[in-house]
Q: 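Please read through the structure below; I'll follow up with questions.
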Amino acid sequence: MPRSEEAQAFFHAVYLAVREIPRGKVTTYGHIAHLVGTPQRARQVGLCLKHLPSDPEARFNSDNVPWQRVINSRGTISPRAVPEGTQAQATALRGEGVEVRTLALGELAVDFEVCGWFPDVLPSGGEQES
DNA sequence: GCGGTGACTGAGC
DNA sequence: CGCTCAGCCACCG
């Protein structure tokens, strides 16, 4: 048990919330933070996805959590330390039918009017216990 | 164990 | 419209 119990619960909640984003739709880090009850922690939501395991054995990993459906509040894919990672997200989104426009400055944008997903509460009822 | 570093955001200039 | 600033807090050196 690495992290504190509370931190673990937060990570868990974030992953479950991200899993509820429908295929072909996108939402923001801030909205996920809002859905899990901590609207001020959008940044930590980003951390959760950044540290999402690639290990197939892990309960939550980059295969079973649609991390690509989370973008920033401006409607663009947040730039990474590694540029390839940003492109990978665009590719993953296009792969599920999301139109990703490339702006002049190299920014990758998605239209919230077309595929934004911003429910007030999680469709599953908000809670998930294991 | 301390301090810099972010896949963030809304407010304020 | 664009830049800074202050909260945020797990991670990693």
Side-chain angles (χ1 to χ4, degrees):
Chain A
M1 292 290 279
R3 327 176 191 90
S4 72
E5 198 172 308
E6 191 174 314
Q8 188 125 49
F10 176 75
F11 270 62
H12 196 136
V14 168
Y15 293 144
L16 289 177
V18 172
R19 271 185 170 173
E20 307 240 1
I21 306 171
R23 180 188 168 76
K25 296 290 183 178
V26 298
T27 191
T28 67
Y29 298 98
H31 190 70
I32 292 297
H34 201 76
L35 289 177
V36 301
T38 55
Q40 309 178 293
R41 303 175 62 181
R43 199 165 194 168
Q44 274 62 270
V45 170
L47 269 188
C48 289
L49 300 182
K50 175 180 182 182
H51 293 290
L52 195 55
S54 55
D55 176 17
E57 300 299 306
R59 168 149 69 152
F60 296 110
N61 60 51
S62 49
D63 280 327
N64 59 34
V65 177
W67 53 273
Q68 70 275 23
R69 297 175 195 158
V70 185
I71 64 181
N72 63 41
S73 65
R74 291 169 23 228
T76 67
I77 295 176
S78 296
R80 315 288 157 78
V82 187
E84 290 76 33
T86 312
Q87 284 300 327
Q89 183 165 7
T91 301
L93 285 176
R94 287 170 174 145
E96 51 186 72
V98 176
E99 180 188 344
V100 182
R101 299 164 358 228
T102 300
L103 305 183
L105 301 64
E107 292 252 279
L108 298 168
V110 172
D111 188 353
F112 285 143
E113 292 291 321
V114 177
C115 42
W117 184 80
F118 303 99
D120 292 334
V121 296
L122 291 176
S124 66
E127 306 301 308
Q128 279 295 320
E129 287 308 318
S130 50

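Computed over heavy atoms, backbone and side chain alike; hydrogens, waters and symmetry mates excluded. Computed from a prediction, not measured in an experiment: that's the story for all the values here.
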Q: Quick one: what's the B/S/- string for nucleotides 6-13 of chain B, heavy-atom cutoff under 4.0 Å, read 5' to 3'?
A: BBBSS---
Q: For a 4.5 angstrom cut-off between non-hydrogen side-chain atoms, does A/C115 reach A/V110?
A: yes
Q: With a non-hydrogen cut-off below 4.0 angstrom, is A/F10 in contact with a base, only sugar-phosphate, or nothing?
A: nothing
Q: Looking at A/H34, I want to see if its NE2 is surrounded by more than 12 non-hydrogen atoms of other residues, nucleotides or ligands under 6.0 Å.
A: no
Q: Between A/E107 and A/R74, does any NZ, NE, NH1 or NH2 come within less than 4.0 Å of an OD or OE carboxylate oxygen?
A: yes
Q: Could you give the distance separating B/dA7 and C/dG13 at their P atoms, to the nearest angstrom?
A: 15 Å
Q: Donor-acceptor check, side chain of A/Q89 to backbone of A/V70, threshold 3.5 angstrom: yes or no?
A: yes
Q: What is the distance from CD1 of A/I32 to P of C/dC9, rounded to the nearest Å?
A: 18 Å
Q: Is A/R43 close enough and on-axis enough to A/Y29, meaning under 6.0 Å and within 45°, for cation-pi?
A: no
